[in-house]
Amino acid sequence: MNEQTIPESKHFIRQMIDEDLRTGRYDGRVVTRFPPEPNGYLHIGHAKAICLDFGMALEYGGVCHLRFDDTNPSKEEVEYVDSIMEDVRWLGFDWGEHLYYASDYFQQMYAYAVALIKKDKAYVCTLTPEEFKDYRGVPTRPGKESPSRHRPVEESLDLFERMKNGEFEDGAYVVRAKIDMASPNLHMRDPAIYRIKKTAHHRTGDTWCIYPMYDFAHCLEDSIEGITHSLCTLEFEVHRPLYDWILDQLEIYHPQQTEFARLNLSYTIMSKRKLLELVEGGHVASWDDPRMPTISGLRRRGYTPAAIRAFCETVGITKVNSLTDVALLEHCLRDDLNKTSERRMAVLNPLKLVIDNYPENEEEEFEAVNNPEDPDAGTRRIPFCRELYIERDDFMEDPPKKFFRLAPGREVRLRYACLFTCTEVVKDPQTGEVTEVHGVYDPDSRGGSAPDGRKVRGTIHWVSARHAADAPVRLYDRLFTVENPAESKDGADYREFLNPDSLTVTTGKIEPALAAAAPGARFQFERLGYYCVDSRDSAPGRPVFNRTVPLRDSWSKNK
RNA sequence: UGCCCGAUGGUGUAAUGGUAGCACAAGCGCCUCUGGAGCGUUCAGUCUAGGUUCGAGUCCUAGUCGGGCAACCA
């Protein structure tokens with residue numbers, strides 16, 4: 001595997017673990033967890049968390065659990081469970097035998113809730129959801145105590161059991177922790193910890209009709225599994241006092257929750273809800289549409305796990321809300337692809353080139369290097385004949401001074417083949433559009449350079465018209481036209497910023513070697529960019545290409 | 001208006017009381033059978049005001065600005 005060497009910074013989480021190891025806080029153990037809720041597909045933001053959770057375990061000789069936080073059956077599905085496991089594996093991480101489900105702990109959680117009630121630290125509350133909200137108060141005003149707050153322990157115990165037995169309808173009762181209705185932290189104002197939900201669960205079926213709330217469940221999951229460092233995103237910061245309170249009341253093993261800033265990427269949205277809307281609204285084809293920031297979308301687009309890992313290490317871990325430039329992601333991608341992708345020639349906007357002094361029925365092959373960055377990648381042979389296709393952009397009838405490509409009277413190198421001089425153009429009499437470029441080649445320059453040592457400034461790519469195959473090529477661009485679609489100043493909906501040109505499809509002329517390319521294979525099309533064979537829409541011998549990312553282009557930039 | 005968190009070039013980060021560094025982006029140059037890659041180089045930063053200290057990006061106080069929190073979601 002190609003692993004890039006990113007200088008690892010001693011971010012605050014590494015420092016914390018160093019310190020815990022030094023003081024023997026957890027007897028030298030490092031146990032982390034990645035705890036997704038299976039209610040959607042993983043995206044690049046999750047990749048940051050995955051790299052951190054699994055990365056810290058790997059780095060410190062610990063283990064990282066994959067745990068599905070499946071405490072809300074109305075939103076969760078096995079389809080998501082399967083995709084999450086596939087994506088984590090694809091990113092290169094291994095949870096070994098440590099695969100867990102919060103739902104496996106429902107019995108224990110129930111027992112812990114009973115224990116809390118017995119300690120008079122929780123009670124069954126009768127308030128309706130509306131009353132509940134009203135009694136909670138607002139940040140600047142304390143809440144009011146529920147009349148149920150002083151319900152005798154025995155009565156709460158009885159009601160809780162009957163809740164479990166299905167005697168009540170959804171919403172009739174809720175179990176609440178008994179903390180402090182005047183707390184400045186809303187989450188400490190007697191939060192709900194168990195609710196009635198008569199919904200079948202994707203794993204436990206109809207066994208339960210009560211389900212624990214996140215705040216109650218998560219700390220218990222961590223505690224049960226002996227997690228040492230429970231890493232989560234910043235929005236859970238205000239939940240930490242509750243996490244600590246529950247474990248303290250129950251007097252059980254207590255991991256440390258630590259928060260870091262989630263990833264935001266320019267020209268991208270990261271909310272699962274909005275990504276779902278894009279799929280359901282038909283703005284993209286699916287969760288794995290190559291324009292999606294989902295792991296499955298990036299995979300289909302041609303991203304490599306190594307590039308994503310390098311990116312996650314490069315952005316770092318802090319507590320600062322930030323918006324990372326998508327150009328950094330693309331840099332990490334190109335950096336990896338440059339070293340690992342074999343080169344091929346393809347012409348996406350063809351213009352016919354005729355070599356007038358090359359015999360009509362003759363053909364030959366030239367040898368081309370597969371990857372100049374990797375000598376082990378070897379070489380291949382490319383057929384050549386009198387008629388070729390070149391890129392329309394590589395010819396100008398009336399070129400500006402700094403244009404180094406083909407023009408009337410100009411000599412260029414046909415990559416790996418020979419030197420060629422344009423002598424004439426053929427135009428469509430109607431439109432005036434150039435339809436053919438004619439010229440002569442220098443037979444002594446076979447292979448690419450002239451024996452007299454003369455230099456040419458431009459080298460262009462080509463394919464043999466007689467040998468080339470046609471292939472659909474999908475050119476992807478960013479999905480949104482603005483840096484931060486989720487936050488427009490005038491409250492506009494993010495959908496208003498969808499890029500109408502995020503996908504254009506064309507038919508390319510590809511060198512013969514590409515016709516047999518396997519689904520998922522990645523190539524650099526010389527002078528154009530990185531492309532991969534779509535894993536869904538390609539058929540044997542009939543590849544469909546997705547543009548992963550274009551090459552950097554200093555010519556088009558200074559135009 | 002309450003509580004919590006944060007603030008270093010355009011962007012993402014490092015410096016843990018002792019020379020503000022790296023990467024991306026942008027610009028320039030060299031090199032090149034990819035206007036790719038590589039190499040070199042330039043531009044550019046500690047939110048404000050006080051304080052502690054021989055010395056503050058770092059510690060303290062106040063302010064400013066930004067983010068988060070009022071699902072029986074996670």
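Order of the sequence lines fixes the chain letters, A, B, ..., with proteins taken first and strands second; residue numbering starts at 1 for each chain. Just so it is clear, the structure is predicted and the values come from calculations on it, not from any experiment.
At the phosphate of U13(B), OP1 or OP2 sits under 4.0 Å from a side-chain N or O atom of Thr318(A). The shortest distance between the side-chain N/O atoms of His331(A) and the OP1/OP2 oxygens of C24(B) is below 4.0 Å. For U11(B), the OP1/OP2 oxygens have no side-chain nitrogen or oxygen of Ser322(A) closer than 4.0 Å. Close to A26(B), at under 4.0 Å from its OP1 or OP2, lies a side-chain N or O of Arg552(A). Taking side-chain N and O atoms only, Arg262(A) has no distance below 4.0 Å to OP1 or OP2 of G68(B). Considering only side-chain N and O atoms, Thr314(A) lies nowhere under 4.0 angstrom from the phosphate OP1 or OP2 of C24(B). Taking only side-chain nitrogens and oxygens, Arg136(A) comes nearer than 4.0 Å to OP1 or OP2 of A71(B). Arg527(A) has a side-chain polar atom (N or O) that falls below the 4.0 Å cut-off from OP1 or OP2 of G35(B). The side chain of Arg415(A) contributes no N or O atom lying less than 4.0 Å from OP1 or OP2 of G36(B).
Sequence order on RNA chain B of the closest nucleotides to Val238(A) and Tyr173(A) puts Val238(A) first from the 5' end. Mapping Ala192(A) and Pro184(A) onto RNA chain B by nearest heavy atom places Pro184(A) closer to the 5' end of the strand.
Here the closest heavy-atom approach between residue Met163(A) and residue Tyr194(A) is recorded as CE-O, 4.4 Å.
As a whole-Å value, the separation of Ile390(A) CD1 from G35(B) P is 13 Å. Put simply, CG on Asn321(A) is 15 Å from C1' on U11(B), counting in whole angstrom units. As rounded to whole Å, 16 Å separates atom C1' of G6(B) from atom CG of Leu323(A). Atom CD1 of Ile193(A) is separated from atom P of A74(B) by 13 Å (rounded to the nearest Å). Straight-line distance from the CZ atom of Phe311(A) to the C1' atom of C22(B): 17 Å, rounded to whole Å. Look at CZ on Arg405(A): it is 7 Å from C1' on G35(B), rounded to the nearest Å. Rounding to whole angstrom units, CD of residue Glu237(A) and P of C5(B) are separated by 7 Å. A straight line from CZ of Phe236(A) to P of G6(B) spans 18 Å, rounded to a whole angstrom.
Contact of Arg343(A) with U34(B) (side chain to base): a donor-acceptor pair of N or O atoms is detected under 3.5 Å. Residue-to-nucleotide contacts include a donor-acceptor pair under 3.5 Å from the side chain of Glu373(A) to the base of G36(B).
Rounded to whole Å, the separation between the P atoms of G55(B) and G29(B) comes to 47 Å. A23(B) and G18(B) have their P atoms separated by 23 Å, with the value rounded to a whole Å. Spacing between G12(B) and A25(B) at atom C1', rounded to whole Å, works out to 11 Å. On the P atoms, A20(B) is 42 Å away from U34(B), given to the nearest whole Å. The gap from the P atom of G9(B) to that of A44(B) amounts to 14 Å, rounded to the nearest Å. Atom C1' of G63(B) sits at a distance of 33 Å from the matching atom of C43(B), rounded to the whole Å.
Residues Thr459(A) and Arg413(A) have side chains that bring a donor and an acceptor to within less than 3.5 angstrom of each other.
Put simply, the side chain of Asn165(A) never gets that close to the backbone of Glu167(A): no donor and acceptor are under 3.5 Å apart. Trp287(A) places no side-chain N or O within donor-acceptor distance of the main-chain N or O of Thr294(A), the cut-off being under 3.5 Å.
The pair Arg136(A)-Asp190(A) fails the salt-bridge criterion, with no side-chain N (NZ, NE, NH1 or NH2) lying under 4.0 Å from an Asp/Glu carboxylate O.
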Legend entry - Ile17(A) and Met56(A): CA distance, side-chain angles, deciding distance, side-chain contact (heavy atoms from CB on, under 4.5 Å) verdict: CA-CA 9 Å; Ile17(A) 297 174; Met56(A) 290 306 94; 4.0 Å; yes
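With its glycosidic angle within 90° of 0, A71(B) adopts the syn conformation.
At the heavy-atom level, His461(A) lies nowhere under 4.0 Å from the strands shown. Within the 4.0 angstrom heavy-atom criterion, only backbone atoms of the sugar-phosphate kind lie near Thr71(A); the bases stay farther away.
Under the 30°/60° scheme for interplanar angles, the aromatic rings of Tyr531(A) and Phe525(A) are found to lie parallel.
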